[in-house]
Structure formats: C-alpha cells, structure tokens
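Note that these values count all heavy atoms, side chains included, but never hydrogens, waters or copies made by symmetry. The structure displayed is predicted, hence computed values, not measured ones.
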Amino acid sequence: MVRPRIFVSHSSGEKKCADHGCECIAYRDAVAALLTEVGCDPVVDQDVLKTNSGPWHPKLLRELFSCQGTVVLLSPHALESDYVFEEAQLSMALWEVREDGFLVLPVMLPGVRRGHLRKSRLARLDLGRFDMVDWPPLADATAPPTKVGERLRALVEQHGSQPHPKVTEYIANRIEDVSAAALSDIARELGVAHIAYASDHANYVVSAGLLTERPVDGFGAACAMRKALVSLLPLLRHKEHRQDVVDVVVPFARVPQAAASQLRTLRDTSQEDRVALLTARRTATAEMYVRRASESPAPWPLHTPVPRPGMDFVTGVITDIHEFLADRFFVFDALDDEVHEWLARKEKESGPVTIVLGVQPDAEMVRRLLAAFPKLLFLFSHNQVDASPGTPEHARLQSLSLSQEHEMLSTHREFSP
C-alpha cells in the first residue's frame, strides 16, 4: 500500500524550547503520530538525520522532493527560522508544479496569530491562501485539532490508501505495469486528482478512481468508469488481470454503497435471522451486490441453489445447500453444533456464506431455511420481492432501476475478456 510521505516543517530543539518554556517538540511529535495513525509516513528531521551525515539541511530538502505534502508548524521560532522559510518556499513550488497534487497545510501553534505571520518573513509566501488550521492556546499539545486529521485523510484517500484498502491494493497490483503517462491520462478521464507522471502512486490513484461509486441514469448513459476501462484494459498484458479488474470495478461503480452498508450491517448482527430482500430481475445482480459488500478481492462465499426435482421447493433448496456445504467446505452435517462453530470461524476468515435465491419469499419459507441454516446469510432477489402481502419484514436493499440493472450487467459482460 502506498502511504503518502508528509514532511513536517518546524523549528524546535530541546535547548531552544527549554530556554523559552514552550512545547514545540510536543506539537511536532503529536503531528507525527497523527500522520502515522491516518495512513501517512511522517518525514521528520531527527529521523532523517539519524542515518545521514554531512550538511543536514540539503538532505532534508532532498527528502521533501520525494514527499506528497508538508505540514508547516508555525511557532514563534518558525517565524524567525531561515530553514522553515526554505522548506515552506520549496513546498509552495511543489504545490504549484504538481497542480494542486501536493498538500501544504500550515498549522498556527499557540503564541502565533495571523498578524504575527503577516509581519514575518513568511508573509512573502502568502500561506494565507491555504486553509490554515489554528491550534487553540488551551488545547492539549498531544491532541492535534480535528481539522488536521480531516485534511490528511483526504490526502490518503487521494493516494488510494482508503477507503477500500484491500481492493485498492488488489487493483493497483494488476495495473502496476501500465506506464505512468497512460495512468495519468486515465486519472484525468476519471476526474481524480493526481501527481502527473508519478509512477510511484499513479496506479493507486487510478484504482481509487475506478472503485468510486458512479451511478448512471440507465442503459447507454455516458460514464467515466466505462471510458477509463476502454483505455486501461487493452494495456494489461495478462488476460486474467483484465477479468479481475472488471469483476471488482463494475460492482463498486454501480451497486449503491448504501446497499453494501446494509449487507455489512446484516453480516455483523448477532441475530440468527440474517435475511435481505432485493428487487432485481437477475440473480447475477444479487451476486454483484454481494461482491460490492464484501470489500475484498475474494467475495464472500456465495451459492445460488437449484431445487431438487421430486421434492417441494424448500426441501429441494435445503438439500442443495447441504450438498454445496459438503462440496465446498467438506461440511457433511449442517445441523451439528460443531459445524455451526466451523461456519462461524469461516465467516471471520472470508465473510458469511451467502445464499442467493431468485424467488419471492414467504414467512414459512424463511422460517424453514433459518431453522436449517441459522449461520448463513440469505439474499432473496426477485422483481417483485416485496410486492406480496405475505413478505416477511427483513432488510430491503436499495435497488437499481430496470435500466440501471441492465446497464450494470451488460457492462460487466461487455468488458469481460
């Protein structure tokens, strides 16, 4: 996973702070800890200089060139520091050259106000053009203002480390051989901010852009995701990588995030009645919902039963599920308590075993299925799933229109190798 490197520009030292009775070192260390917590790698002078010899400030400036942002701690010392001025000046240049792809975050520490900044040498840089953060005078020196974390998390998302780290990493690994120039063009098609032609993170930025929810009005509607796939997929040398990308990207772009959250909430419930209803025309749509909810390269274990002939519908479905568990997980007695414990452990490892049924349920059907398989998650997918007055009260997932469902399934089929 690419973690943005953030330079911490400051002016402090144990002797200087002791002489002035200030807490500059505590503020610096608190910001460095926050950077690590939100998914960044802090670049702080004492860490860099531990492994370097010779003139120290040129080495720090070289480190700054390889960073994706700077937090400028504006203490009374910093306003007078030539070193902080040079670091802030270089950060401004990187911000301008990289077309807003470089973060500059000035933080006003206690003892410094806007008026002090305007009278200092740093006034020449016009740091006020940025969204500055004030550290309140009476606030804890070990707890940075909330706004600092918000700005940093936005940068982390831009660089693909959040909000879907597993699938972002998965897609980024499959497109890492695509040239930085091509990825830069695709990033622009997706409308995501990036550092132009920077190969060390462009694949993560593009991956995050592809995984962004992009609802469309319906079949035939223009979409940046489709345009990006047209450009990207031919550049992937391995055919299986193309399928991997399509299988993950399409449900992330089309399935409502709200519905995915509903399924994950259902997964996390302690109740043994995990049943969801989805208005859909195809069971393949329900499978897309499950893949989106999984937020993992490998979706939750999923099965669509086929009723056995010569039995009533529910008995045939139960028989088929028994055989699925036996074939897939070597589970031969789904009513045994030890088997239930095994399924619970499997769920922790790879997600809940999910059964998709393309039928309109009734209360008796649901009762019998839950009695037979209390540890499974059932998703009923039917075009009139909630139209019957006898439909049980269960989680109703946010659905797509007929045209949107058609568009999602046809897009997946069209781009699959």
Side-chain angles (χ1 to χ4, degrees), residues 1-13 16 24-25 27-75 77-109 112 117 120-133 144 148-149 151-156 158-161 180 193-202 204-205:
M1 181 65 63
V2 169
R3 294 167 61 92
R5 303 181 77 240
I6 306 298
F7 190 88
V8 182
S9 177
H10 67 100
S11 177
S12 62
K16 184 187 297 183
C24 294
I25 294 176
Y27 293 117
R28 177 201 67 193
D29 292 345
V31 168
L34 178 63
L35 285 165
T36 300
E37 178 186 334
V38 301
C40 301
D41 286 333
V43 178
V44 185
D45 52 6
Q46 74 267 26
D47 296 331
V48 174
L49 300 178
K50 283 178 184 177
T51 57
N52 288 277
S53 59
W56 63 272
H57 200 243
K59 295 183 184 300
L60 289 179
L61 295 181
R62 285 196 290 273
E63 287 290 330
L64 180 51
F65 270 107
S66 66
C67 291
Q68 284 76 49
T70 299
V71 176
V72 186
L73 297 180
L74 297 172
S75 66
H77 307 313
L79 299 184
E80 303 170 357
S81 171
D82 291 338
Y83 298 128
V84 170
F85 179 84
E86 289 184 27
E87 292 159 5
Q89 187 177 43
L90 178 56
S91 298
M92 295 287 293
L94 292 171
W95 172 77
E96 292 176 355
V97 169
R98 295 179 181 177
E99 299 179 349
D100 296 345
F102 188 91
L103 173 71
V104 178
L105 180 58
V107 180
M108 307 278 284
L109 297 183
V112 175
L117 180 60
S120 73
R121 187 182 179 192
L122 287 168
R124 294 161 51 188
L125 302 180
D126 190 19
L127 293 175
R129 77 181 80 176
F130 299 102
D131 188 12
M132 303 179 74
V133 178
V148 175
R151 294 291 308 280
L152 293 171
R153 289 186 181 91
L155 179 73
V156 171
Q158 173 184 320
H159 284 259
S161 298
H194 68 293
I195 300 174
Y197 304 105
S199 59
D200 61 340
H201 85 287
Y204 285 86
V205 173

Worked check of side chain to side chain contact (heavy atoms under 4.5 Å, CB included) between Leu117 and Met132: CA-CA 12 Å; Leu117 180 60; Met132 303 179 74; 3.6 Å; yes
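Within the 4.5 Å cutoff, the side chain of Val43 has no heavy atoms near those of the Leu64 side chain. Put simply, the side chain of Ser66 reaches to within 4.5 Å of the side chain of Arg5, judged on heavy atoms. For the pair Leu94/Phe65, a side-chain contact is recorded, criterion being any heavy-atom separation below 4.5 Å from C-beta on. Side-chain contact between Met92 and Leu127 is present, with heavy atoms from C-beta onward closer than 4.5 Å. Using a 4.5 Å heavy-atom cutoff, the side chains of Val31 and Ile6 are not in contact.
Residues Ser9 and Glu87 come closest through the heavy atom pair OG-OE1, 2.6 Å. For the pair Leu34 and Gly149, the tightest heavy-atom approach, listed with the atom from each and the gap, is CD2-N, 3.9 Å. Shortest non-hydrogen contact noted between Phe102 and Thr70 is CZ-OG1, 3.4 Å. Minimum heavy-atom separation, Val44 to Ala32: CG2-CB, 4.1 Å. Minimum heavy-atom separation, Pro4 to Gly39: CD-O, 3.6 Å. Looking at every heavy atom in both residues, Thr36 comes nearest to Arg3 through O-NH2, 3.2 Å.
Partners of Asp131 according to the side chain to side chain contact (heavy atoms under 4.5 Å, CB included) rule, which considers only residues two or more places apart in sequence or in another chain, are Lys147, Arg151. Considering only residues two or more places apart in sequence or on other chains, Arg121 meets the side chain to side chain contact (heavy atoms under 4.5 Å, CB included) condition with Asp82, Phe85, Arg124.
Distance check: Ser11 OG to Leu74 CG gives 11.0 Å after rounding to the nearest 0.5 Å. In this structure, CG in Leu73 is found 10.5 Å from OH in Tyr27, a value given to the nearest 0.5 Å. For the atom pair Leu122 CG and Ser81 OG, the distance stands at 8.5 Å (nearest 0.5 Å). Within the model, atoms CG of Leu109 and CZ of Arg28 stand 12.0 Å from one another, a figure rounded to the nearest 0.5 Å.
Checked options Leu125, Val8, Val84; the residue passing with Val72 is Val84 (criterion: side chain to side chain contact (heavy atoms under 4.5 Å, CB included)).
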